[in-house]
Amino acid sequence: MGRCPRGSAQGYCEKSGRGNRELKNYLEIIFKDVITRLNIPDDVPLIFDTPKSEAHGDLATNLPLLLTKKLKRNPMEIGTEICNALSYDKEIIEKVELVKPGFVNIFFTAPYITGIIQDIHRENERFGTSSKYSGKTANVEFVSANPTGPLTVGHGRNAVCGDTIANMLEWVGYDVTREYYFNNAGRQMRVLGDSVRLRYLELCGEAVMFPEDYYQGEYIREIAARLEEKHGDDLMNEPAEGKFKDAAESEIFELIKVSLERLGIKHKIFYNENTLYTDGRIDGLLNKFKEMGVSYEKDGAVWFRFSEAGNEQDKVIVKSTGEPTYRLPDIAYHVTKFERNYDLIVDLFGSDHAATYPDVLAALRILGYDVSKVKVLIHQFVTIMQGNEVIKMSTRKANYITLDELIDEAGSDVVRFFFNMLNLGTHMNFDLELAKKHSDENPVFYLQYAHARICSIIRTASEAGLSSSLDNIHLLILPDEQRLIKILHRFPEEMLTAADTLEPGRIASYLKELAAAFHRFYVAIRIIGSEKETAEARLAMAEAVKTVIKNGLGVLGVSAPERM
RNA sequence: GCGCCCAUAGCUCAACCGGAUAGAGCAUCAGCCUUCUAAGCUGAGGGUUAGUGGUUCGAGUCCACUUGGGCGUACCA
């Protein structure tokens, strides 16, 4: 890298690109150097983070505070020694200061900070990606709703967050497989098929009793109507599980896929639970458990010794009817994920499934698989409010608001951003009335507006014969400029942290901060109309902001409009 | 009853491995468009971070208990 100052620390310049991570790497090198020279114990963590207040520098460490106990000395004394011994490149670091309790605050030089703009222009739509996990594969399983009805708002959170997590993993280098696991057999599906059959019989003029615990949704009637249209009353003697169930399954799956597609979500694999039976995996697993002595028979059922694996209690894996419970195929399914050799296996469930995964993991551990590869993410439920009323979702009772209805009302961008804003553990209250009425006040517009604004500036500038240039970016020394550029520095690191913690919410928070800094700059400082070289540099900066917003929104699956 | 998750401004949410004065948006109030998009900006008010105790240089963050909510606790998925 030609921009690397000559005296920079060893190893630092070998990194391509900058950003906060590189700055931290540099600090780590020069601090470790001091630690060895001063013979300070090196078993305390050396952490640099971005202080909340600008007055506290660009990066800061609490090293002296952490050392006080170890050295039994005053933190300020230790800090003084460290700061005096610190040798650093003046072209990178402006100053290092030691303050009150024992923080060391580091300030970077403006020209050095500004260099990130070149990186962003060079890497463009790839800026923010990382090769940290290149060559690794990941499987992200999400949605996985059985085809018994359209997706509800409740599924929206899972769908959106799952897809965003997959995006984040791709950004840091993983080859990601998006997977949807479903079950088209069993009692639920029998009831579904029979629900359609009964509606069909109604249409054929039969008087039927439609049980209360059958699927009440309007879509059942529609499926029945299409069957009636196609076959007349030829199907009146068909069993529920044949044509009725098949029609329901395929039509509902079509609905689900369309909803997902509207949100830009496409799964690569739809894994049918049934194949686990037909290819003998279920039986194979049962035999293996028996051989290993981890299962036993009681009351005509087969039980798994989960209690011996440290879980609460033993559970039935095969009912006395001979039918496996969901646990067994779940285990077999995860075995296939291991056999498919993923380096990372992510499962995203709603909190209603929180109780099942410890058993699955325990069984996998007993089978000898490296369970640390599996990251089970549990997202909390979204409480849907209509005014003051809580809407309890139930597919069976047809008491729900579909994801499609929400997308119709709010639009895909708003829906994606809305679910992505939140950390997975957050219990959220979602007031539908409010979402409809105030949708133009959704924070997503704040980000999109910043992007559109920059596009508009670029258009206007180009009409005025002005274009961006990297030649004079050193002119960008105003506080509003530096502040903005420093936020740009953080993007690759934020992306990596988001991917490592599997938290989509981080990206949204970061982008809000970036957009805020840009809007502030925009109001305070003019681009067009300022002195030519400065204007060109500011344009280059604005383009860099635009790139980062676009890339960030891209990860969230939200569009970056050129005009609004 | 037991287990997991959660509780932060009036509302919806942030706060990276425990750090410096707990931050945004909405709502309220007061200002800012003859110049690049006012879907924007500036400022004000608004908090005992549910409560109590503990750990330590330092706690919204960790531990214990209490209260209030969500989800489980099936030979349903």
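Residue numbers begin at 1 in each chain, while the letters A, B, ... track the order of the sequences.
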Checklist entry - So does Asn146(A) get a side-chain nitrogen or oxygen closer than 4.0 Å to the phosphate oxygens (OP1/OP2) of A77(B)? => result no
Checklist entry - Would you say A20(B) has OP1 or OP2 under 4.0 Å from some side-chain N or O of Lys52(A)? => result yes
Checklist entry - Does the base of C75(B) carry an N or O that pairs as donor and acceptor with the side chain of Ser320(A) under 3.5 Å? => result yes
Next on the checklist: Rounding to an integer number of angstrom, what distance separates A14(B) and U55(B) when you compare their C1' atoms?
Outcome noted: 27 Å
Checklist entry - Can you tell me if NZ on Lys486(A) sees more than 12 non-hydrogen neighbours from other groups inside 6.0 Å? => result yes
Check nucleotides 41-46 of chain B for protein N or O atoms closer than 3.5 Å to its own N or O atoms and list the pairs.
unit_1	atom_1	unit_2	atom_2	d
C41(B)	OP1	Tyr446(A)	OH	2.5
U42(B)	OP1	Arg520(A)	NH1	3.0

Checklist outcome for this item: When both distances are under 3.5 Å in a Watson-Crick or G-U wobble arrangement, the nucleotide paired with U37(B) is none
Item to check | N/O (side chain, Ser509(A)) to phosphate O (OP1/OP2, G23(B)) under 4.0 Å | outcome: no
Checklist outcome for this item: Checking N1-N3 plus N6-O4 or O6-N4 for Watson-Crick, or N1-O2 and O6-N3 for wobble, each under 3.5 Å, the partner of G72(B) is C2(B)
Item to check | P spacing across the pair U12(B) / A50(B), given as an integer number of angstrom | outcome: 14 Å
Checklist entry - With a non-hydrogen cut-off below 4.0 angstrom, is Ala301(A) in contact with a base, only sugar-phosphate, or nothing? => result base
Checklist entry - Does the ring of Phe107(A) carry Lys95(A) above it, NZ/CZ under 6.0 angstrom from centre and within 45° of its axis? => result yes
Next on the checklist: Could you check whether atom CD of Glu531(A) has more than 12 heavy atoms from other residues, nucleotides or ligands sitting under 6.0 Å from it?
Outcome noted: yes
Item to check | Nearest-angstrom distance, C1' atom, G53(B) to C71(B) | outcome: 29 Å
Checklist entry - Within 45° of the six-membered ring axis of Tyr510(A) and under 6.0 Å from that ring's centre, is NZ or CZ of Arg490(A) located there? => result no
Checklist entry - Using purine N1 to pyrimidine N3 plus N6-O4 or O6-N4 for Watson-Crick, or N1-O2 and O6-N3 for G-U wobble, each under 3.5 Å, what pairs with C29(B)? => result G43(B)
Item to check | Whole-angstrom distance between G43(B) and C5(B), as gauged at atom C1' | outcome: 40 Å
Next on the checklist: Could you tell me how far C6(B) sits from U66(B) if I compare only their C1' atoms? Round to whole Å.
Outcome noted: 16 Å
Item to check | Exercise: do Gln313(A) and Ser307(A) side chains pair donor with acceptor under 3.5 Å | outcome: no
Next on the checklist: Over all strands shown, is Gly529(A) touching base, sugar-phosphate only, or nothing at heavy-atom distances under 4.0 angstrom?
Outcome noted: nothing
Checklist entry - Checking all strands, does Val302(A) fall into the base, sugar-phosphate, or nothing category for heavy-atom contacts under 4.0 angstrom? => result nothing
Next on the checklist: Work out how far the P atom of U28(B) is from that of U61(B), and round it to whole angstrom.
Outcome noted: 33 Å
Checklist entry - Roughly how far apart, to the nearest Å, are C17(B) and C29(B) at atom C1'? => result 41 Å
Item to check | Rounded distance in Å between the C1' positions of G3(B) and A15(B) | outcome: 29 Å
Checklist entry - Do the charged groups of Glu562(A) and Arg453(A) touch, with an N to O distance under 4.0 Å? => result no
Checklist entry - For the side chain of Tyr449(A) and the base of A39(B), is some donor closer than 3.5 Å to an acceptor across the two? => result no
Item to check | Base-pairing mate for U52(B) - Watson-Crick or G-U, with both contacts under 3.5 Å | outcome: A64(B)
Checklist entry - Taking O4'-C1'-N9-C4 for purines and O4'-C1'-N1-C2 for pyrimidines, is C16(B) syn (within 90° of 0) or anti? => result anti
Checklist entry - Is the closest basic N to carboxylate O distance between Arg187(A) and Glu323(A) below 4.0 Å? => result no
Checklist entry - Do the charged groups of Lys70(A) and Asp43(A) touch, with an N to O distance under 4.0 Å? => result yes
Checklist entry - Does Asn62(A) get its side chain close enough to the base of G19(B), under 3.5 Å, for a donor-acceptor pair? => result yes
Item to check | Contact under 4.0 Å: Thr460(A) side-chain N or O vs U37(B) OP1/OP2 | outcome: yes
Checklist entry - Quick one: does Asn105(A) reach the base of A20(B) with a side-chain donor-acceptor pair under 3.5 Å? => result yes
Checklist entry - Side-chain donor or acceptor of His427(A) under 3.5 Å from a matching atom on the base of G69(B)? => result yes
